[in-house]
2 protein chains.
Amino acid sequence: MTTEEKIIKAAEEVFIEHGYDGARMQEIADRAEINKAMLHYYFRSKEMLFEKIFEEKVKVVFPTISEQMKSYEGFTDKVCFFIEQYYDILIKYPFMPFFIISTINRKDDKHFIKKLPFGFMKEIFFESFFSDLQSGKIREVNPFQFAVSVMGMSIFPFLSRPAMKELIGINDEQFQLLMQQRIDELKNYVKLILTPTNHA
Amino acid sequence: MTTEEKIIKAAEEVFIEHGYDGARMQEIADRAEINKAMLHYYFRSKEMLFEKIFEEKVKVVFPTISEQMKSYEGFTDKVCFFIEQYYDILIKYPFMPFFIISTINRKDDKHFIKKLPFGFMKEIFFESFFSDLQSGKIREVNPFQFAVSVMGMSIFPFLSRPAMKELIGINDEQFQLLMQQRIDELKNYVKLILTPTNHA
DNA sequence: AAATGATTTAACCATTTGGTTAATTTTTAA
DNA sequence: TTAAAAATTAACCAAATGGTTAAATCATTT
């Protein structure tokens with residue numbers, strides 16, 4: 001493991017645990033077991049180190065499910081597939097949502113927002129939506145509000161994870177299980193919302 | 001306006017904007033237009049000042065909708081009413097969700113979580129759920145997962161607000177309008193999920 | 001008006017923090 | 001083998017930060 005890799009690994013941990021303001025360069029150095037000056041030698045400043053981590057992590061959380069989504073015909077199936085794939089990632093990196101959310105909420109610094117690759121959604125999501133809507137395969141909902149809802153249902157438990165764990169008294173393992181079970185529940189909700197009522 | 005009130009008002013702003021770690025005592029003092037020493041004179045420490053603000057704000061975000069909810073008969077109506085009332089608060093205090101979420105995600109300090117008054121949900125929410133489930137008025141969903149979903153759908157747009165504003169290019173006013181419209185959409189989703197399929 | 005207690009201020013302090021530097025060790029290349 | 005380049009370290013620095021203090025001002029009571 002190179003010094004640079006050790007730094008990145010440690011920085012990931014510390015930034016994700018404490019956020020930008022709460023993170024300390026010394027703590028990153030300690031965890032990487034290197035001299036603090038090395039941080040600046042490799043990444044110049046805290047800001048630039050953070051940028052590096054953020055960009056890398058964004059790539060993980062906004063993966064290229066897009067391509068695979070194309071192979072699903074209907075809009076409903078696409079959304080269900082998205083939830084499934086997305087939960088694989090979320091369960092593996094449960095801290096990621098808070099890291100992203102806390103970063104984009106940083107005052108006076110919306111330049112991080114522009115790094116979010118939201119293009120993939122527009123393309124496949126909306127196109128497929130209007131196509132299925134016209135052919136009557138799905139109910140007429142507001143596509144934007146629906147998309148935000150799916151995202152919200154999916155991500156929220158990971159943002160409120162500390163509260164959930166404390167309130168219902170579960171550990172990481174049990175939380176993970178609960179989220180695993182959640183996949184089918186969410187897919188069911190999506191189908192119930194999107195499946196048109198039978199006016200026969 | 002007393003000095004104490006000026007401090008609280010300023011502290012609210014600064015803590016909500018920057019979070020605990022990002023907040024500066026000097027900035028709070030400046031905004032309150034008082035000497036920094038006054039902060040400690042009235043609240044001893046940053047930690048205690050934050051505690052005060054947090055407790056006060058929690059009371060706003062977790063209001064006593066409970067009582068009014070009792071007057072609604074069915075579970076579905078209760079949930080819809082909850083969304084309605086909750087959005088009144090969220091639209092008025094759009095920063096609150098991030099403030100709460102970022103606080104409960106603070107490392108090594110889960111004592112804030114215990115201040116969240118979640119009792120109100122259990123009482124009315126779950127009781128009414130099982131009652132309606134037995135009488136076949138609602139579909140059999142997982143009540144816990146459903147509750148988290150409703151919370152998630154409701155709160156998430158306020159957490160991703162900066163991203164939403166940037167991505168679809170809207171201002172505060174337009175965001176507010178979008179959230180106003182969202183109420184009916186969410187109520188609709190809830191009904192679609194909960195209304196049992198007709199097996200006639 | 002004088003004494004008392006509460007409030008406010010300016011100056012100060014110790015610690016922490018991100019960042020730098022100059023010297024040293026390790027690696028690479030000639 | 002040795003000189004140059006890269007990597008690493010310890011010591012250091014200036015600025016920022018939460019917090020303190022002692023003096024000053026203001027309000028209240030007698």
Side-chain angles (χ1 to χ4, degrees), chain A residues 1-57 99 102-112 115, chain B residues 1-57 99 102-112 115:
Chain A
M1 212 177 184
T2 74
T3 301
E4 193 167 336
E5 286 167 339
K6 281 196 282 183
I7 292 175
I8 287 184
K9 183 170 172 287
E12 267 175 31
E13 287 177 20
V14 175
F15 278 130
I16 287 172
E17 278 180 29
H18 302 287
Y20 182 85
D21 290 319
R24 300 286 162 245
M25 295 296 266
Q26 189 57 59
E27 190 180 344
I28 295 172
D30 291 345
R31 285 210 211 180
E33 290 176 302
I34 48 121
N35 188 289
K36 185 164 68 80
M38 291 277 82
L39 299 178
H40 297 94
Y41 180 75
Y42 281 93
F43 298 97
R44 289 188 64 107
S45 68
K46 185 184 181 180
E47 190 74 32
M48 289 176 87
L49 177 55
F50 181 81
E51 202 109 353
K52 175 90 179 178
I53 303 298
F54 183 76
E55 274 175 30
E56 213 160 273
K57 288 292 130 185
F99 178 63
S102 73
T103 302
I104 65 172
N105 274 279
R106 263 176 71 194
K107 259 289 143 75
D108 313 320
D109 194 356
K110 56 184 183 176
H111 101 273
F112 282 108
K115 306 218 170 203
Chain B
M1 214 178 185
T2 73
T3 302
E4 194 168 335
E5 286 168 339
K6 282 196 282 185
I7 292 175
I8 288 183
K9 183 170 171 287
E12 267 174 32
E13 288 176 21
V14 176
F15 278 130
I16 286 172
E17 278 180 30
H18 301 288
Y20 182 84
D21 290 320
R24 299 286 162 244
M25 293 298 265
Q26 189 59 59
E27 190 179 345
I28 295 172
D30 290 346
R31 285 210 211 181
E33 289 177 301
I34 47 120
N35 188 287
K36 185 164 68 82
M38 292 275 82
L39 299 178
H40 296 94
Y41 180 74
Y42 281 94
F43 298 97
R44 290 189 62 112
S45 68
K46 184 183 183 182
E47 190 74 32
M48 288 176 88
L49 176 55
F50 181 81
E51 200 109 352
K52 175 89 178 182
I53 304 298
F54 183 76
E55 276 176 28
E56 214 160 272
K57 288 292 131 187
F99 177 64
S102 72
T103 302
I104 66 171
N105 274 277
R106 264 176 70 194
K107 258 290 142 73
D108 314 319
D109 194 355
K110 56 182 184 176
H111 102 273
F112 283 108
K115 306 217 170 207

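These figures come from a predicted structure and were not determined experimentally. Numbers restart at 1 for each chain; the letters A, B, ... are given by sequence-line order, proteins then strands.
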Separation of [X] atom [atom1] from [N] atom [atom2], in whole Å?
| X | N | atom1 | atom2 | value |
| --- | --- | --- | --- | --- |
| A/I34 | D/dT8 | CD1 | C1' | 10 Å |
| B/E51 | D/dG18 | CD | P | 17 Å |
| B/E4 | C/dA6 | CD | P | 15 Å |
| A/N35 | C/dT25 | CG | P | 14 Å |
| B/F43 | C/dT7 | CZ | C1' | 14 Å |
| A/Y41 | D/dA6 | OH | P | 7 Å |
| B/E33 | C/dT9 | CD | C1' | 15 Å |
| B/I28 | D/dT17 | CD1 | P | 12 Å |

Checklist entry - Is it the case that more than 12 heavy atoms not belonging to A/K115 sit under 6.0 Å from its NZ atom? => result yes
Checklist entry - When B/F99 is tested against each of B/F15, B/Y20, B/F50 for ring-ring contact (aromatic ring centres under 6.0 Å, His included), which residue passes? => result B/F50
Item to check | OP1 or OP2 of D/dT8 under 4.0 Å from side-chain N/O of A/T3 | outcome: yes
Looking at every non-hydrogen atom in both residues, tell me the closest pair between [X] and [Y] and how far apart they are.
| X | Y | result |
| --- | --- | --- |
| B/M38 | B/I7 | O-CD1, 3.9 Å |
| B/H40 | B/K36 | ND1-O, 3.7 Å |
| A/H18 | A/A23 | CB-N, 3.7 Å |

Next on the checklist: Looking only at the side chain of A/M38 (C-beta and beyond, no hydrogens), which of the listed nucleotides D/dA10, D/dA7, D/dT21 gets closest?
Outcome noted: D/dA7
Checklist entry - Where the side chain of A/Y42 is defined as all heavy atoms beyond and including C-beta, which of C/dT8, D/dT9, D/dT8 is the nearest nucleotide? => result D/dT8
Using the 3.5 Å cut-off, write out each protein N or O paired with an N or O of nucleotides 14-19 of chain C and the distance between them.
from: C/dT17; atom 1: OP1; to: A/R24; atom 2: NE; distance (Å): 2.6
from: C/dG18; atom 1: OP1; to: A/A23; atom 2: O; distance (Å): 3.2
from: C/dG18; atom 1: OP1; to: A/R24; atom 2: NH1; distance (Å): 3.3
from: C/dG18; atom 1: OP1; to: A/K46; atom 2: NZ; distance (Å): 3.0
from: C/dG18; atom 1: OP2; to: A/M25; atom 2: N; distance (Å): 3.1
from: C/dG18; atom 1: N7; to: A/K36; atom 2: NZ; distance (Å): 3.4
from: C/dG19; atom 1: OP2; to: A/H40; atom 2: NE2; distance (Å): 3.2
from: C/dG19; atom 1: OP2; to: A/K46; atom 2: N; distance (Å): 2.7
from: C/dG19; atom 1: N7; to: A/K36; atom 2: NZ; distance (Å): 2.5
from: C/dG19; atom 1: O6; to: A/K36; atom 2: NZ; distance (Å): 2.5

Checklist entry - Any ion pair linking A/E33 and A/K6 (charged N to carboxylate O, less than 4.0 Å)? => result no
Item to check | Cationic N near anionic O, under 4.0 Å, B/E5 to B/K9 | outcome: no
